[in-house]
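Note that ligands are numbered from 1 as they come in the structure, with each ligand's atoms numbered from 1 the same way. This is a predicted model, so every value here is computed, not measured.
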Amino acid sequence: MTEPEIRKGLSGVVVDYTAVSKVNPDTNSLLYRGYPVQELAASCIFEEVAYLLWHGELPTPDQLLEFETLERSMRHLDHAVKRVIDELPLTCHPMDVVRTAVSVIGARDPRAEDSSPEENLAKSIRLMAALPAIIAYDQRRRRDLHLVEPRDDLAYSANFLHMTFGEVPELAVVSAFDVSMILYAEHSFNASTFAARVITSTLSDLYSAVTGAIGALKGALHGGANEAVMHVFDEIGSADRAEEWLDTALAEKRKIMGFGHRVYKNGDSRVPTMKAALDTLIEHYDRPDLADLYDQLEATMGARKAIKPNLDYPSGPAYHLIGFDTAMFTPLFVASRITGWTAHIREQAASNALIRPLSLYNGPEERHIG
Ligand code: ACO
C-alpha cells in the first residue's frame, strides 16, 4: 500500500472555499470580496472595509452612517476589562493582554453561546470597537499614563491614535495608519484565520475562536514578525551595517523577519501600498536614515537570497514612527484582522464541517506492559 503524501505545514493544501478574499500569487493580487486591496486602501476608510468583509458589499452612505454610529457607541473600555488588565504584570507581552481582554469580554457576554449570524455580527462589531481601547490603554499603562476616553466625533483610526497618544496626529499620519489597518484586515486561510476556523468548526463560540486566533498570530513566523522587524532594525542600527549584519545572520541560518511568504513567492501584494504609507511617514517625521536602512536591507536580501519583503517589513517601521512601542505592533495587527477573522468565523459557521485531518503514526510498534 502506498503511503499517503504528507504536506508539512499543509503547504499547498486546499481545504475549503472562501468568498471573503482571494490571494493570487501569480498576478500578485489580493481581493477583498472582489475588490483589489490597493483600491480599497486608496478610496475607503477602515470602517468601510470592515463592513465589506462582513456584509460582502461596500456600505451605502446611510449604511456607513448607521455602522459608524454603532461602532462609536461601543468604544469605551469596559471597567471589568480594565480591572483585569490592571492585574496583569507589565512584563507580560501585550498580545497576552489582548488575548486575556477578549476572553474577559466573552466571559461577560450573556449571549456568548449564541452563534447565530446576527449575534456573531454584533460580537464582531463589539470586538472591533473594543480593541483600540484595550490596546491604547495597555500602551499607556506601560508608559505610566492614564486612560484616555474615546471620542465619538472621530473615525476609527483617528480615535485609536487619540486614545493612544492623547491627541490626534496630522492627517498624513492618521491616513498611513488607516491604510495599514486596511491592508492587515484579511488574507484568506493564513495560520490565525485557519485556527479561528478550526475552533469554530467544533461549534465553539466566537470569542474562543478569536482568542485562539490571537494566540496563533502572536508567533514570529506570522503576526509577530512586524515586531521582530523592528528588533532587526534596532540590531542593525544604520544602513552601512546592513550588509555585514545580513551576511552574519544568514550564515547563522537565521530567518530574516519581514521577508518571505508561504503564498507569495514574487513579492507580497500589499507591500507597495504600505511602503508608500511608510514613505509618507518617513517624510513627515524626517527620518531618511530609516529609509536608507530599509532600502539597503531589502536590496541585500534580494541579492543574497532573492527573497522579497512581506507586509510586516514596511508596517513595523511605520508603527515605530507613529510612536507605538515595538511590543504593541502585533496587537495592532489584531485590531485590524479581527474583521477578517470574524468574517471567516461566520463563513465557517454557515457551512460547517468539523476540521479534523489525519496523521501517519511513526511511533513505536504496538507493545505491552510487563
Ligand atoms: N529569511 C531567510 N530565509 C528564508 C526566509 C527568511 N525570512 N524565508 C524563507 N527563507 C528560505 C528558507 O530558509 C528556505 O530555504 P531552504 O530551501 O534553503 O531551506 C526557503 O526560503 C523556503 O522557506 P520556508 O520557510 O520553507 O517557506 P515557508 O513558506 O514555510 O515560509 C515564512 C514562509 C514562514 C513566512 C518564512 O518566509 C519566514 O519565516 N519569514 C520570516 C517571518 C515573517 O516575516 N513572517 C511574516 C509572514 S507574513 C504576515 O504574517 C503578514
What are the atoms of ligand 1, with element, lying closer than 4.0 Å to any heavy atom of [X]?
X: K305; value: 3 (N)
X: F259; value: 6 (C), 7 (N), 8 (N), 37 (O), 38 (C), 40 (N), 41 (C), 44 (O)
X: A225; value: 43 (C), 44 (O), 45 (N), 46 (C)
X: G258; value: 43 (C), 44 (O)
X: M257; value: 42 (C), 44 (O)

Strictly less than 4.0 Å: does any protein heavy-atom distance to [atom] fall in that range?
atom: atom 23 (O) of ligand 1; answer: no
atom: atom 37 (O) of ligand 1; answer: yes
atom: atom 32 (C) of ligand 1; answer: no
atom: atom 17 (O) of ligand 1; answer: no
atom: atom 40 (N) of ligand 1; answer: yes
atom: atom 3 (N) of ligand 1; answer: yes
atom: atom 49 (C) of ligand 1; answer: yes

Distance-only N or O hit between ligand 1 and R270, under 3.5 Å:
no

Test your reading of the structure: does R254 have an N or O sitting under 3.5 Å from an N or O of ligand 1?
no

Where does [X] meet ligand 1, judged by heavy-atom distances below 4.0 Å: at the side chain, the backbone, both, or neither?
X: K265; value: side chain
X: D268; value: neither
X: I256; value: both
X: A220; value: backbone
X: M301; value: side chain
X: L221; value: both

Determine whether the side chains of [X] and [Y] contain a donor N or O and an acceptor N or O closer than 3.5 Å.
X: S21; Y: E186; value: yes
X: N310; Y: Y264; value: no
X: S238; Y: D240; value: yes
X: Q348; Y: N352; value: yes
X: Y294; Y: D279; value: no

For [atom], what is the closest protein heavy atom, and at what distance to 0.1 Å?
atom: atom 25 (O) of ligand 1; value: K255 NZ, 3.0 Å
atom: atom 10 (N) of ligand 1; value: I307 CD1, 3.3 Å
atom: atom 29 (O) of ligand 1; value: R262 NE, 2.9 Å

With under 30° as parallel and over 60° as perpendicular, where do the rings of Y313 and F233 fit, or are they tilted in between?
perpendicular

Students often mix this up, so state it plainly: with edges at 30° and 60°, are the rings of Y156 and F46 parallel, tilted or perpendicular?
tilted

What about [X] and [Y], are their ring centers closer than 6.0 Å?
X: F165; Y: F324; value: yes
X: F329; Y: H320; value: no
X: H187; Y: H222; value: no

Any chance CG of D86 has more than 12 other-residue heavy atoms, nucleotides or ligands included, within less than 6.0 Å?
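Atom CG in D86 is crowded, with more than 12 foreign heavy atoms closer than 6.0 Å.
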
Nearest non-hydrogen contact with atom 46 (C) of ligand 1 belongs to which option: D312, L217, V263, L246?
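Answer by nearest heavy atom: D312.
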
Determine the minimum heavy-atom distance between R141 and I85, stating which atoms define it.
NH1-O, 3.1 Å

Run the numbers on R287 and D289 for salt bridge (Lys or Arg N to Asp or Glu O under 4.0 Å), then give the verdict.
CA-CA 5 Å; R287 288 292 305 275; D289 57 308; 3.0 Å; yes

With sequence neighbours excluded, tell me which residues meet side chain to side chain contact (heavy atoms under 4.5 Å, CB included) with V174.
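S157, A158, L161, V168, P169.
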
